[in-house]
Amino acid sequence: MATFQYDYLVVGAGLFGAVFAREATQTGKRVLVIDKRCHTGGNIYCEQIAGINVHKYGAHIFHTSNQEVWDYVNQFVSFNRYVNSPIANYRGKLYNLPFNMNTFYQLWGVTTPDEAKAKIEEQRAPFKHLDPQNLEEQALFLGGKDLYETLIKGYTEKQWGRPATQIPAFIIKRLPFRFTFDNNYFNDLYQGIPNGGYNALTNALFEGVEVRTGVNYFENKAELDGLAERVLYTGKIDEFFDCKLGQLEYRSLHFETEVLERENFQGNAVVNYTEKSVPYTRILEHKHFEFGTQEKTVVTREYPHEFSKDNEPYYPINDNVNNRLLEQYKALANEPVYQQKYLFGGRLADYKYYDMDDTIEAALALTKREL
Ligand SMILES: Cc1cc2nc3c(=O)[nH]c(=O)nc-3n(C[C@H](O)[C@H](O)[C@H](O)COP(=O)(O)OP(=O)(O)OC[C@H]3O[C@@H](n4cnc5c(N)ncnc54)[C@H](O)[C@@H]3O)c2cc1C
């Protein structure tokens, strides 16, 4: 019988791999974690620049209503009182998000919920007969022209890289109108940023776990597989099978980050730019996630673009074509020859958008089944 140096090899030091590695180590398993990047944490990793935690792979705000997940993360870190309240900038004028009484006041000068509801009905009236066939029609049907043109059209077209008339209607199922003066983007019970930043969370999860960064699994797969009895793979599912059935599609992003010699640039962590002619979708000012008082500030402009093998896969495109392909890969992964050795999990192996709390919930569920 083969003897292994480790019980588990975990491919990917992101949040999913970190939770699994922590729990497996806790139960006495010998675990080795590898990641092809030069750091741990996956997409929640923060880089320190000018004393500020910079969200290197996009803005991350922890929010959950899942008590088990909240208690779990609080074993490792405490959270600050950050509440996500993004602002939209359309042609220099500012609007609060999500759509709430402040937004309706800024759009139309209405001051009461009844006035706001009446205005929305008036705006929707010309489009009420529509049977929406694309995102533009859906947004007009649900919210009318002003809201669509000011806050939805340009932003969504930049995100998807095509006209709203060519984006499927199901992307917007409903518009979350709030008839209160509440700018909190999320409805969850708990929210915040870990005190000390996200690296404090991942470092605590990896405490006492052997981690090797800068190691690409596929460059040495057979040898790495030989080290452990079982392998948890959290990379892209299609890549695991050498993309032999085809490639799953993603939207990608690129980020331009700069240090500014001033204390405060935009007064908010997240400002969305909703007009088409501004090429980025948003500007992050990272210090505001942690109420920073540093002398300098760091801002990041976020540009959506096409995915290719040379850039990061950010958002899965879960349309029918990709979902069918995913089912085929899942069927392969379920074959006994793979099941004996491999476990799959995380946003890339599941080809699913997971918030951090979903990621932790899924990793804990796998842990319970496996350990
Ligand atoms: C732009 C953006 C913003 C987000 N904002 C929020 C937010 O505000 N709130 C929230 O709750 N969630 C947010 N999320 C979701 C959050 O990022 C995920 O829930 C979480 O990072 C998923 O963790 P993971 O371990 O599954 O994946 P990842 O973090 O992607 O980790 C996978 C790791 O596997 C490694 N890997 C892949 N292939 C290989 C290989 N061949 N060899 C070695 N290593 C490999 C990768 O390098 C990576 O480090 C956001 C996501 C994105 C894309």
Side-chain angles (χ1 to χ4, degrees), residues 9-22 32-46 55-66 69-70 73 79 82-84 86 159 185-186 188 190-194 198-199 201-202 205-206 211-221 224-225 231-243 250-255 269-270 281-282 284 286 289 300 302-305 307 309 311-317 343-364 366:
L9 169 72
V10 176
V11 180
L15 191 55
F16 195 97
V19 170
F20 184 85
R22 164 88 268 125
L32 171 65
V33 181
I34 59 164
D35 202 295
K36 63 182 177 183
R37 293 178 180 170
C38 62
H39 58 75
T40 60
N43 277 3
I44 70 172
Y45 170 73
C46 291
H55 296 207
K56 194 169 163 69
Y57 302 94
H60 277 76
I61 298 107
F62 194 92
H63 57 98
T64 190
S65 294
N66 182 323
V69 169
W70 184 243
V73 287
F79 284 77
Y82 179 80
V83 169
N84 195 33
Q159 265 194 325
Y185 195 76
F186 299 114
D188 279 318
Y190 305 111
Q191 183 172 179
I193 305 288
Y198 286 96
N199 298 1
L201 171 61
T202 41
L205 287 165
F206 281 127
V211 185
R212 296 183 199 161
T213 52
V215 178
N216 188 333
Y217 178 57
F218 295 114
E219 281 172 11
N220 235 333
K221 183 171 182 300
L224 288 162
D225 278 353
V231 176
L232 166 62
Y233 175 79
T234 73
K236 288 168 66 205
I237 184 84
D238 53 355
E239 201 176 4
F240 184 87
F241 294 105
D242 211 13
C243 295
Y250 287 86
R251 280 295 284 168
S252 194
L253 300 169
H254 88 260
F255 301 102
V270 184
T281 45
R282 48 187 183 173
L284 313 180
H286 301 269
F289 287 117
T300 299
E302 188 174 307
Y303 300 79
H305 64 93
F307 169 68
K309 65 174 178 35
N311 44 47
E312 291 289 333
Y314 281 103
Y315 297 108
I317 301 180
L343 296 157
F344 298 87
R347 67 178 193 105
L348 295 168
D350 288 351
Y351 188 66
K352 208 168 171 186
Y353 179 83
Y354 281 144
D355 271 327
M356 288 178 275
D357 60 335
D358 304 322
T359 302
I360 293 168
E361 188 182 339
L364 289 174
L366 175 72

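We count ligands from 1, going down the list as the structure has it; atoms in each ligand are counted the same way. Both backbone and side-chain heavy atoms feed into the values below; hydrogens, waters and symmetry mates do not.
For the pair Gly41 and ligand 1, the shortest N or O to N or O distance does not fall below 3.5 Å. Remark: ligand 1 and His60 share an N or O pair separated by less than 3.5 Å (distance only, no angle test). Checked against a 3.5 angstrom limit, the closest N/O atoms of Asn43 and ligand 1 fall inside it.
Residues His286 and Phe255 keep their aromatic ring centres 6.0 Å or farther apart. Taking the ring centroids of His55 and Tyr198, they lie under the 6.0 Å cut-off. Residues Phe16 and Tyr354 place their aromatic rings such that the two centres sit no closer than 6.0 Å.
Residue contacts with ligand 1 include Val215, since one of its heavy atoms falls under 4.0 Å from the ligand. Residue contacts with ligand 1 include Tyr353, since one of its heavy atoms falls under 4.0 Å from the ligand.
Nearest non-hydrogen protein atom to atom 43 (C) of ligand 1 is Lys36 N, 3.1 Å. The shortest contact between atom 26 (O) of ligand 1 and any protein heavy atom is with Arg347 N, 2.9 Å. Nearest protein heavy-atom contact of atom 40 (C) of ligand 1 is Asn216 OD1, 3.7 Å. Considering only non-hydrogen protein atoms, atom 5 (N) of ligand 1 sits nearest to Ala59 O, 2.9 Å. The protein non-hydrogen atom at the shortest distance from atom 31 (O) of ligand 1 is Gly14 CA, 3.5 Å. For atom 49 (O) of ligand 1, the closest non-hydrogen atom of the protein is Asp35 OD2, 2.6 Å. Protein heavy atom closest to atom 42 (N) of ligand 1, with residue, atom name and distance, is Tyr217 N, 3.1 Å. Of all protein heavy atoms, the one lying nearest to atom 22 (C) of ligand 1 is Thr359 OG1, 3.6 Å.
Using a 4.0 Å cut-off between heavy atoms, Phe62 makes no contact with ligand 1 at all.
Ligand 1 places these atoms under 4.0 Å from at least one heavy atom of Phe218: 41 (N). With ligand atoms numbered from 1 in the order given, ligand 1 contributes 15 (C), 16 (C), 18 (C), 19 (O) to contacts under 4.0 Å with heavy atoms of Tyr354. Within ligand 1, the atoms closer than 4.0 Å to a non-hydrogen atom of Ile44 are 21 (O), numbered from 1 in the order shown. Contact atoms of ligand 1 toward Gly12: 33 (C), 34 (O), 35 (C) (distance under 4.0 Å to a heavy atom of the residue). Listed by atom number, the atoms of ligand 1 under 4.0 Å from Gly235 heavy atoms are 37 (C), 38 (N). Taking a cut-off of under 4.0 Å to the non-hydrogen atoms of Gly346, the atoms of ligand 1 that pass are 26 (O). In summary, the atoms of ligand 1 found under 4.0 Å from a heavy atom of Tyr315, numbered by their order in the structure, are 1 (C), 2 (C). Atoms of ligand 1 found under 4.0 Å from any heavy atom of Leu253, numbered from 1 in the order shown, are 1 (C).
In this structure, Tyr185 places its OH atom where only 12 or fewer heavy-atom neighbours from other residues, nucleotides or ligands lie under 6.0 Å away.
Contact between Gly12 and Val33 at its shortest, heavy atoms only, is O-CG1, 4.0 Å. Closest of all the heavy-atom pairs between Pro313 and Lys236 is CG-CD, 3.8 Å. Between Leu205 and Ala18 the shortest heavy-atom distance is CD1-CB, 3.8 Å.
Judged purely by atom type and a 3.5 angstrom limit, Tyr351 uses its side chain to pair as donor or acceptor with the backbone of Ile317. Looking only at distances, no side-chain donor or acceptor of Glu361 sits under 3.5 Å from a matching main-chain atom of Val69. Checked by atom type and distance alone, the side chain of Asp35 pairs as donor or acceptor with a backbone atom of Arg37 at under 3.5 Å.
A tilted orientation is assigned to the rings of Trp70 and Phe79, their planes being inclined by 30° to 60°.
Inter-residue side-chain proximity for Tyr314 and Tyr57 is flagged as met; some heavy-atom pair is nearer than 4.5 Å.
The residue from Val73, Ile193, Ile44 that alone fulfils the side chain to side chain contact (heavy atoms under 4.5 Å, CB included) condition with Phe62 is Val73.
Nearest to atom 32 (C) of ligand 1 by heavy-atom distance, out of Thr234, Leu15, Asp188, is Thr234.
Separation of atoms CZ (Arg282) and CG (Leu253) is listed at 8.0 Å; rounding is to 0.5 Å.
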